[in-house]
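Encoded as structure tokens, the structure appears first; notes follow it.
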Amino acid sequence: MDGQAKTILQRIIRKIPNKKLEVTLKSWDRLSTEQLESLDCTQPKWLFLENLISRCGEKRLGLKAVTKLEMVYYIDNPNQGTWQAFQLMEAEDDAVSVSFTQFRERFKANLEEDFRHISIRMKKLEDGAIWIRIAWGDNFRKPNHLKPTYVVHYLQTPYVFFLNFMSKHKPFLYEALFRATRHTSIKEAHLSGRSLTALRDLVMRQYQQVFPTKDRTLKERNGTPLHPNIEKEHAEYAERRHQMACEAFGDGILPKLERAVYKLETRYRGNSSNTLNDKDELFRGVVKFSSSNLLQSFHHCVATGIVEGPVTPLLSSITQKGKNYFVITDKVPGATH
Amino acid sequence: MENVRQQGVLDHLMMLERAGTRRTERPQHSRLEELRNAIATLHVKRDRLRIETVAVKNLKQKMDQGMPLEDHDYGDLLQLEKALLTSRHMKLKDLQSAHSLIAGYDLMECNQGKSVCVSLHTAFEGVYVETYNMEVDLTRTVQISRHNIPPYVPLEMIAKQTLQTDFKGFLQTLSLHLNALAGRKQQISLIMELGTVKVIERNQLCNFLILMCKAQEESETVLCTLEYGDLTRYLPTRVTIESENTTLVESQQWRKNRLLLLEFPVHCALLTMRKMGSIA
């Protein structure tokens with residue numbers, strides 16, 4: 001096993017907690033059961049790594065197998081790093097009927113045309129997600145496996161997610177995607193975050209959205225009253241606030257976003273006779289919200305009454321439009337692209 | 001109440017307690033009296049409503065027969081109009097709930113008339129599947145503000161065609177698409193319940209399906225590819241059958257099977273094929 005493979009293996013093994021080591025190695029499917037049993041997951045990591053390398057040596061596993069392990073690890077733990085969402089536009093008529101085999105062939109062919117040295121690995125998951133790992137090289141150098149780009153695409157939807165995406169590779173990757181998915185342009189979806197599942201749930205609307213329905217009273221939610229003499233005076237208010245929070249941000253487990261950024265390009269409008277008022281220039285500023293679970297915090301603020309309703313469209317646009325980066329200009333009172 | 005506020009919570013509670021004990025001291029038979037009075041009032045109300053209904057019916061009859069109205073009838077005319085409006089309103093409401101029951105769509109006004117919320121129900125073979133919702137903004141142009149329809153349904157394409165010009169047609173087309181999608185999805189889960197047939201490939205829009213089944217006689221594997229070209233239907237537009245044994249594919253039985261797959265939902269066709277002995 002060469003140096004690059006060893007470095008990658010070391011990086012992965014360090015990241016995986018001891019409890020998950022066995023499961024990950026089993027889904028890797030490269031070591032035999034006896035070899036797996038001979039490895040002791042409770043050893044300190046450096047010792048475990050050495051044993052693992054010797055097992056790999058027995059099977060003559062090299063860089064290719066290690067990259068497979070890295071991909072398995074990322075597929076099982078997709079919520080790390082910074083993922084960026086993009087949207088393909090201008091679909092051709094046959095975009096809807098592209099199958100996985102067609103996609104794979106066209107994508108690989110396209111990139112292999114442009115790069116003499118490139119390593120592409122693709123896997124389709126049960127839920128329709130296609131995971132692609134690309135190690136970039138060029139005409140003279142071998143692919144650099146220490147800085148791979150990961151691309152996740154859901155067929156028959158226009159959404160693509162990138163991890164570790166370098167701008168110099170953008171035009172080639174875009175072109176390959178256009179040819180493979182039969183679209184002609186791509187735009188940034190202004191959505192980025194640590195959790196791939198959250199980004200996916202937001203753009204594909206897979207979280208629990210709440211719409212105004214006929215029976216607005218959620219009588220069953222509170223269940224039977226604790227005691228007939230106890231009555232919650234503010235039950236109606238609490239319910240209304242809860243409904244407002246759910247309509248704006250969703251219900252149940254919300255997608256986990258870490259930040260929302262609003263870039264202001266508006267004119268300063270104030271009452272006092274500040275010098276800022278007279279200026280014709282734009283007042284540039286950035287408002288950033290950050291939290292370990294942003295949507296949950298907003299939901300809580302509205303549901304408990306810390307923030308007064310109705311929820312401003314600037315905040316509810318996060319879920320409604322599936323974005324967390326907004327540029328606000330003067331003309332449109334809400335969020336713009 | 002002002003007085004109470006000044007005195008404090010404990011005093012207020014004591015006052016409430018006193019009022020509560022006073023109430024329980026009243027004898028039981030006063031409750032009986034109350035109920036008897038209620039019955040009497042309701043009787044009176046019922047008789048009054050009976051007279052009113054008869055008068056309205058007579059008036060309507062007169063109007064239907066084209067007889068001239070007399071003076072005292074004009075007072076009843078307003079009542080008649082009101083009654084007719086109420087009955088029409090009730091009829092329409094019943095139609096609306098019936099429509100949503102048969103897996104149609106439901107509209108609800110929200111935001112004081114500025115937007116409308118559409119609930120699209122889907123069903124397959126008499127079973128409700130899923131409900132999708134959509135909020136449509138009606139302020140300047142008709143615009144969809146948010147929805148929970150999955151992205152592989154061609155919503156933008158349908159909206160571009162009919163949303164501005166024909167709202168009802170738009171809802172109709174969308175409902176067809178969603179119902180067909182629900183039908184195709186259900187068929188796939190029903191196939192998996194059969195057990196002996198394996199789903200090799202499928203996609204999210206459920207318009208491309210490859211199944212692997214075992215032919216009964218020679219235990220050979222047969223691959224059936226179903227393509228659903230028309231997204232508003234839950235039956236395939238093209239079926240291809242492949243197997244290593246080409247004579248099996250050409251046989252009359254399997255030609256019939258191919259037609260079965262084209263004409264019936266997949267799980268029904270497969271069940272029939274199993275009963276006839278074509279597949280395991």
Side-chain angles (χ1 to χ4, degrees), chain A residues 85 87-103 124-130 153-160 189 200-216 229 231 243-244 247-251 310 313 316-322 334, chain B residues 13 16-17 20 93 96-97 100 106-112 114-121 131-137 143-157 160 177 181 185 192 199-210 225 227-231 237-238:
Chain A
Q87 189 176 351
L88 295 160
M89 312 280 285
E90 289 167 45
E92 314 246 333
D93 288 330
D94 53 349
V96 139
S97 46
V98 172
S99 72
F100 173 53
T101 8
Q102 287 172 323
F103 175 85
K124 178 166 180 255
L125 302 180
E126 275 288 324
D127 61 353
I130 300 179
H153 173 54
Y154 286 82
L155 266 186
Q156 298 181 321
T157 70
Y159 300 109
V160 193
R200 178 202 67 194
D201 288 343
L202 261 180
V203 291
M204 314 243 277
R205 302 169 202 280
Q206 285 175 357
Y207 61 97
Q208 198 180 339
Q209 280 179 308
V210 173
F211 290 86
T213 52
K214 281 214 159 91
D215 351 278
R216 288 191 80 134
N229 286 5
E231 186 180 304
Q243 177 78 7
M244 201 160 52
E247 276 185 32
F249 302 112
D251 200 4
S316 57
S317 302
I318 300 177
T319 45
Q320 283 199 10
K321 299 205 175 148
Chain B
L13 284 173
L16 286 172
E17 196 182 7
K93 272 242 175 282
Q96 191 185 26
S97 55
S100 78
D106 225 345
L107 278 106
M108 208 189 83
E109 185 189 322
C110 40
N111 223 353
Q112 288 117 15
K114 284 191 238 167
S115 63
V116 118
C117 185
V118 189
S119 293
L120 297 131
H121 305 284
T131 305
Y132 299 99
N133 293 296
M134 205 167 64
E135 232 178 85
V136 183
D137 212 18
Q143 254 188 2
I144 304 177
S145 52
R146 66 183 175 126
H147 62 90
N148 65 351
I149 297 174
Y152 36 86
V153 174
L155 180 63
E156 289 89 24
M157 192 188 75
K160 220 194 284 185
H177 268 90
L181 174 67
K185 246 195 229 172
M192 304 217 264
V199 176
I200 300 200
E201 191 171 323
R202 55 174 289 188
N203 58 13
Q204 295 198 302
L205 196 45
C206 304
N207 66 345
F208 185 77
L209 195 58
I210 301 187
T225 310
E227 290 173 38
Y228 297 79
D230 187 355
L231 290 176
T237 47
R238 211 166 81 152

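Note that the structure is predicted; figures quoted are calculated from it, not measured. First the proteins, then the strands, lettered A, B, ... as listed; each starts at 1.
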Applying ring-ring contact (aromatic ring centres under 6.0 Å, His included), name anything that partners A/Phe211, two or more places apart in sequence or on another chain.
none

Interatomic spacing from SG in B/Cys110 to CD in A/Glu247 - rounded to 0.5 Å
7.5 Å

Output all residues satisfying salt bridge (Lys or Arg N to Asp or Glu O under 4.0 Å) with A/Arg200, sequence neighbours left out; order by chain, then residue number.
A/Asp127

Checking heavy atoms, do the side chain of A/Gln209, its backbone, both or neither come under 4.5 Å from chain B?
side chain

How close do B/Glu201 and A/Ser99 get, counting heavy atoms only, and between which atoms?
OE2-CB, 4.2 Å

Do the side chains of B/Arg146 and A/Ser316 get nearer than 4.5 Å, heavy atoms only?
no

Under 4.5 Å to a heavy atom of chain A? For B/Met157 that would be neither

How close do A/Gln156 and B/Asn203 get, counting heavy atoms only, and between which atoms?
NE2-ND2, 3.0 Å

Of the backbone (N, CA, C, O) and the side chain (C-beta and beyond), which part of A/Val210 lies under 4.5 Å from a heavy atom of chain B, both, or neither?
backbone

Part of B/Asn207 within contact of chain A (heavy atom distance under 4.5 Å)
side chain

Does any heavy atom of chain B fall under 4.5 Å from the side chain of A/Tyr159, the backbone, both, or neither of them?
side chain

What's the shortest heavy-atom distance between A/Thr157 and B/Gln204, and which atoms?
CG2-OE1, 3.9 Å

